[in-house]
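Following: one structure in structure tokens, then a few remarks.
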Amino acid sequence: MRKRYPKNLKKWQEFWEKEKIYKFDEKSNKQIYSVDTPPPTVSGKMHIGHLFSYTHQDVIIRFHRMKGENIFYPFGTDDNGLPTERFVEKQKRVKSARMKRSAFVNLCQQTVKELKPKFIQNWKDIGLSADFDYSYSTIDKHCQKISQSMFIELYNKKRVYRKQAPIMWCPTCQTAIAQAELEDRERESFLTYVKVNVIDTDTHIIFATTRPELLPACVGISVHPTDKRYKKLIGKKVKMPITGAEIAITADEKTNKNYGSGVVYYCSYGGVECIDWLARHPKVKPINIMGKDGKFNESAGKYAGMTSLQAREKIVLDLIKLNAITKQQKIKHIVNTHDRCGTDIEFIATKQWFIKYLDLKQEFIELGTKINWHPKYMRIRFENWVKGLQWDWCISRQRFFGVPFPVWYCKKCGKHKLADIKNLPVDPLKHKPKTKCSCGSNKFIPEQDILDTWATSSLTPQIAVELLKNKKLGKNIFPMSLRPQAHDIINTWLFYALARGKLHFNKIPWKNILISGFALDPKGEKMSKSKGNIVEPPKVIKKYPVDALRYWSAEASLGRDLRYDEEELKNGHRLMTKLWNASRFSFSRLKNFNGSKPDKLEPLDKWLFSKLQTTIKNSTDYFEKYEFAKAKKEIEDFFWKTFCDNYLELVKYRLYSRKNKQAKQSARYTLYTTLFAILKLWAPIIPYITEEIYQSNFRKLEKTKSIHITKWPEYNKELVDKEIERKTQTLIDLIAIIRKEKSNKGYSLKKEIRNLTISADKNIIQSLTDFLEDLKAIGNISFIGFGNFTLADQNIITVNPNLKVKIVF
RNA sequence: GGACGGUUAGCUCAGUUGGUUAGAGCGCUGCGUUCACAUCGCAGAGGCCACAGGUUCGAGUCCUGUAUCGUCCACCA
């Protein structure tokens with residue numbers, strides 16, 4: 001009777017949870033393998049990319065668990081800061097700016113709470129073998145406490161500072177952002193050429209700009225010192241149209257003679273280059289015309305209240321009226337936008353908190369070399385990023401739902417007042433400092449800003465370790481064994497965490513980094529909401545088993561992107577069916593098997609054991625090197641080709657036989673042992689079906705509760721028998737020839753061969769004598785003879801130079 | 001402009017340190033099975049290994065350059 005394997009998603013999940021199969025044992029002495037699991041953001045849905053990269057880590061972790069290591073695999077969620085706020089605003093159709101802060105924060109908390117159980121269930125469904133008893137949320141008290149105390153530590157180390165400075169600002173989100181949050185976008189724009197008169201001369205000068213609206217903030221004009229066109233004008237002043245401001249023409253080597261007109265005008269905070277220019281011209285006082293809301297302020301004169309775009313239009317018109325525009329050239333250029341909302345960033349001067357780390361760039365790079373990167377080349381991406389850093393890390397955000405700064409400011413003297421570590425976590429908006437300011441005052445102004453989410457999530461190694469009840473153990477766990485993540489957050493999560501490791505402990509946070517690629521759509525394009533090509537695993541799981549999805553995920557080489565096409569899931573599905581059926585067949589021939597070893601193994605059984613050892617060795621080595629895709633291929637080849645196509649077919653007659661008890665016993669033992677090993681090898685990749693097969697067949701004899709905590713198959717060198725492998729290969733070659741001959745003649749593979757004559761050299765005949773019974777059975781051969789052929793003989797088939805056969809049907 | 005990675009069969013991908021006729025799965029074409037296999041097995045067709053040079057007795061594999069795709073970074077106002 002045909003039978004399909006059962007899909008028992010819930011059943012096994014509940015079993016694993018109830019039996020605590022993935023429990024971390026704080027009391028054990030076993031070697032610990034610890035994982036700094038990426039906390040997914042609770043805003044939004046799980047997508048196929050999550051499944052992809054989380055499967056990678058889970059496969060590796062399941063392997064280590066079966067090797068007998070004590071797995072510390074906590075699970076956290078990231079649920080605060082801008083992404084969460086934006087999600088809540090959208091979901092609940094509110095605007096944080098129009099609400100009372102406390103009401104909005106409550107709404108965020110409530111929304112996250114509602115959403116979380118279902119969200120986490122998605123991760124359980126994909127078979128993640130994390131220990132959910134060790135859970136955290138980046139907004140919970142535990143994380144707040146760590147985040148705040150680490151902030152205080154850096155403050156005391158003089159690694160954080162607060163400063164009025166031009167900072168990248170998102171007018172939409174109305175908050176400061178960090179370099180890592182920038183995203184490039186291409187924009188079509190105009191390069192506007194503006195003519196201005198040079199005072200005390202009858203000449204003029206033309207500068208080119210993409211941002212004419214910043215004219216009211218213009219503080220300088222530069223040309224290259226060697227530019228012949230303008231050399232004589234250096235030191236003179238120009239009179240700006242509209243504002244009438246008098247601006248000096250300066251020489252600046254950074255000016256490119258060949259771009260535009262070779263003249264640049266600098267407007268306070270128009271962009272990075274303006275800030276650089278200001279830094280080189282310290283005597284020049286910037287004019288800040290951009291307000292926090294992205295609109296011009298009073299300093300912009302009659303353009304106050306306008307956005308950049310509105311002002312641009314207006315100013316260009318005004319300049320045209322004054323006949324000050326000589327031409328407008330259409331160009332495409334790249335602008336920096338905020339990665340969360342796509343708004344063009346602005347620079348404004350505000351007070352922000354920074355972590356000082358630019359001086360440590362070289363140290364970060366060195367620290368990076370102490371970690372094992374899988375794949376290796378991903379380290380270079382990290383280095384590139386570090387080398388390109390040009391700002392200290394701005395960690396304050398003018399948002400609402402997040403970890404507060406544990407800071408107040410003295411009303412009287414303005415000094416910073418930090419919370420006492422033992423009182424953490426604190427919310428300065430709700431709590432007051434326990435002691436007076438050093439100036440004697442007890443009146444304080446609370447810090448309103450919240451910490452950048454990365455400032456907290458960069459501490460996940462500490463957050464995870466401090467979940468342990470046994471505090472001593474924590475020291476052994478840090479640095480953690482593994483940081484798994486995708487390549488898109490090397491610049492953020494990975495870099496920041498490594499930076500924190502340096503700043504706080506002068507240590508690497510993890511020994512290994514596993515970088516996954518992306519799941520792309522069938523066309524090879526990145527999945528995104530705007531393209532509408534996002535795939536949600538919960539929906540796919542309704543159609544295909546989770547194991548098929550995991551099987552697909554494990555196909556990807558380290559760090560490589562993989563196209564997702566639902567068609568590809570059929571491969572995994574097929575494998576599962578095959579595994580299920582091979583097991584079903586095996587156990588139909590293993591009734592009353594009691595595990596006893598035969599006195600001696602038949603040659604074919606020795607061969608299978610020998611081949612199995614190679615598979616175990618290779619796949620184990622690959623898993624050790626985090627190369628799960630190669631391990632998978634190794635296992636699959638052995639299972640499908642060696643075990644199913646060859647061994648099972650060859651052993652059937654022995655399993656059915658009633659005559660030779662010894663040979664049958666050898667077959668039964670080999671079948672049981674090998675299939676069990678195969679199942680274990682597959683377990684990290686396809687945990688559901690392997691558990692199903694284990695429980696319904698092996699559990700009777702094996703004591704272990706779950707296949708996922710059985711012992712990983714061990715390579716046994718003594719079972720390797722190259723001689724028998726060589727001999728058996730001859731048999732397999734011969735069988736292939738027989739099958740081919742039958743196929744060519746259009747016969748059934750079961751067609752009887754009346755006489756098979758073999759002509760071969762002595763060694764080969766020797767090899768084959770061990771397998772004559774096997775050969776007869778699989779080829780349905782009545783008689784096998786040996787002899788030499790003469791030239792007169794017909795229908796001679798050459799298997800290889802040393803082996804020829806003649807088949808008579 | 002810089003860095004990294006890719007470019008191998010119609011499709012998705014393997015190809016270890018350079019070594020004989022380049023592999024798998026899907027798809028396609030035959031044939032055979034339906035008493036493990038809502039299938040499976042066997043056989044077959046299909047590749048100038050992106051392109052051009054070079055090193056070598058020998059290059060998909062190493063070097064140089066070009067093209068192209070992807071990602072990240074930097075950009076000129």
Side-chain angles (χ1 to χ4, degrees), chain A residues 1-5 179 182-184 191-192 207-212 214 221-222 252 254-267 270-274 276-277 331 333-336 375-390 487-488 490-491 517-518 520 522 524-526 552 555-557 559-565 567-568 570-572 574-575 577-589 618 622 627 629-630 632-634 636-637 640-641 644-645 648-649 652 655-656 735-736 738-751:
Chain A
M1 202 191 83
R2 281 170 179 159
K3 208 178 141 197
R4 193 174 208 172
Y5 61 85
Q179 192 179 345
L182 297 180
E183 195 174 88
D184 292 350
L191 190 58
T192 304
F207 61 81
T209 178
T210 53
R211 302 201 64 183
L214 294 176
I221 287 188
S222 284
D252 185 20
K254 293 249 170 160
T255 312
N256 182 342
K257 287 189 267 189
N258 303 319
Y259 190 89
S261 60
V263 184
V264 196
Y265 94 136
Y266 289 104
C267 304
V272 184
E273 62 291 338
C274 297
D276 274 354
W277 187 89
I331 55 160
H333 69 151
I334 307 288
V335 295
N336 284 321
K376 283 199 179 77
Y377 62 78
M378 287 295 179
R379 187 171 61 81
I380 297 167
R381 289 204 191 183
F382 159 80
E383 283 188 10
N384 276 345
W385 170 253
V386 176
K387 283 176 191 158
L389 277 177
Q390 37 184 336
H487 59 56
D488 57 331
I490 291 176
N491 300 345
F518 272 140
L520 305 176
E525 288 177 27
K526 204 170 150 178
W552 164 79
E555 191 84 30
S557 303
R560 289 274 299 268
D561 296 343
L562 190 64
R563 291 173 197 210
Y564 171 82
D565 190 341
E567 278 297 300
E568 301 285 323
K570 289 184 178 159
N571 292 338
R574 225 165 44 93
L575 185 271
T577 310
K578 189 80 175 171
L579 193 59
W580 176 251
N581 281 313
S583 306
R584 213 157 55 82
F585 168 72
S586 301
F587 279 92
S588 74
R589 311 314 319 165
N618 292 345
Y622 282 135
E627 296 265 20
K630 287 181 181 168
K632 177 188 153 206
K633 194 171 188 299
E634 197 76 26
E636 181 157 3
D637 276 356
W640 206 296
K641 301 207 168 106
C644 292
D645 290 351
L648 284 187
E649 293 306 324
K652 267 179 186 166
L655 291 169
Y656 286 115
I735 290 167
I738 292 167
R739 281 173 175 168
K740 192 173 171 178
E741 187 61 15
K742 286 182 177 177
S743 187
N744 286 345
K745 290 225 154 71
Y747 292 145
S748 146
L749 291 181
K750 284 181 178 167
K751 168 86 179 174

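Chain A is the first sequence line, chain B the second, and so forth, proteins listed ahead of strands; every chain is numbered from 1. These numbers come from the heavy atoms of this one structure, side chains and all, not from hydrogens, waters or symmetry mates.
- If you measure from atom CG of A:L562 to atom P of B:U71, you get 16 Å, rounded to the nearest angstrom.
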Given side chain to side chain contact (heavy atoms under 4.5 Å, CB included), test A:I221 with A:V263 step by step and report yes or no.
CA-CA 7 Å; A:I221 287 188; A:V263 184; 3.5 Å; yes

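- Taken together, the paired segments of RNA chain B that extend over three or more consecutive Watson-Crick or G-U pairs, each closer than 3.5 Å at both contacts, are B:1-7 with B:67-73, B:10-13 with B:23-26, B:28-32 with B:40-44, B:50-54 with B:62-66.
- We find that CD1 of A:I735 is positioned 22 Å from P of B:G32, with the value rounded to whole Å.
- Atom-to-atom, CD of A:E741 to C1' of B:A43 comes out at 12 Å; the value is rounded to the nearest Å.
- Atom CD of A:E183 is surrounded by more than 12 heavy atoms from other residues, nucleotides or ligands within 6.0 Å.
- Atom-to-atom, CZ of A:R563 to P of B:G70 comes out at 11 Å; the value is rounded to the nearest Å.
- Partners of A:K751 by side-chain hydrogen bond (donor to acceptor under 3.5 Å, both in side chains), not counting sequence neighbours: none found.
- Taking the six-membered ring where tryptophan is involved, the planes of A:W277 and A:Y266 are essentially parallel, since the angle between them stays under 30° and well short of 60°.
- Applying the 4.0 Å criterion to OP1 and OP2 of B:A77, one finds that A:H333 has a side-chain N or O inside that range.
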Shorter than 3.5 Å, N or O on both sides, protein versus nucleotides 67-69 of chain B: list them out with atom names.
none

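- Contact annotation: side chain of A:E649 to base of B:A36, donor-acceptor pair present below 3.5 Å.
- The distance between atom CH2 of A:W580 and atom P of B:A38, rounded to the nearest whole Å, is 12 Å.
- Atom CG in A:N618 sits roughly 14 Å away from atom P in B:G15 (whole-Å rounding).
- In this pair, A:H487 and A:F518 present their aromatic rings perpendicular. The plane angle is above 60°, beyond the 30 to 60° band.
- Checked against side-chain hydrogen bond (donor to acceptor under 3.5 Å, both in side chains), A:N336 has no partners two or more places apart in sequence or in another chain.
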Between A:T209 and A:Y265, is the side chain to side chain contact (heavy atoms under 4.5 Å, CB included) condition met? List the steps.
CA-CA 7 Å; A:T209 178; A:Y265 94 136; 3.2 Å; yes

Find every protein N or O atom lying less than 3.5 Å from an N or O atom of nucleotides 23-30 of chain B, and list the pairs.
residue: B:G25; atom: O3'; partner: A:R574; partner atom: NH2; Å: 3.2
residue: B:G25; atom: O2'; partner: A:N571; partner atom: OD1; Å: 3.2
residue: B:C26; atom: OP1; partner: A:R574; partner atom: NH1; Å: 3.2

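- Scanning for side chain to side chain contact (heavy atoms under 4.5 Å, CB included) contacts around A:K652 gives A:F585, A:E649, A:Y656, with sequence neighbours left out.
- Taking syn as a glycosidic angle within 90° of 0, B:A50 does not qualify and is anti.
- In this structure, A:F382 atom CZ and B:G5 atom P are separated by 17 Å, rounded to whole Å.
- To the nearest angstrom, P of B:C72 lies 8 Å from CG of A:D488.
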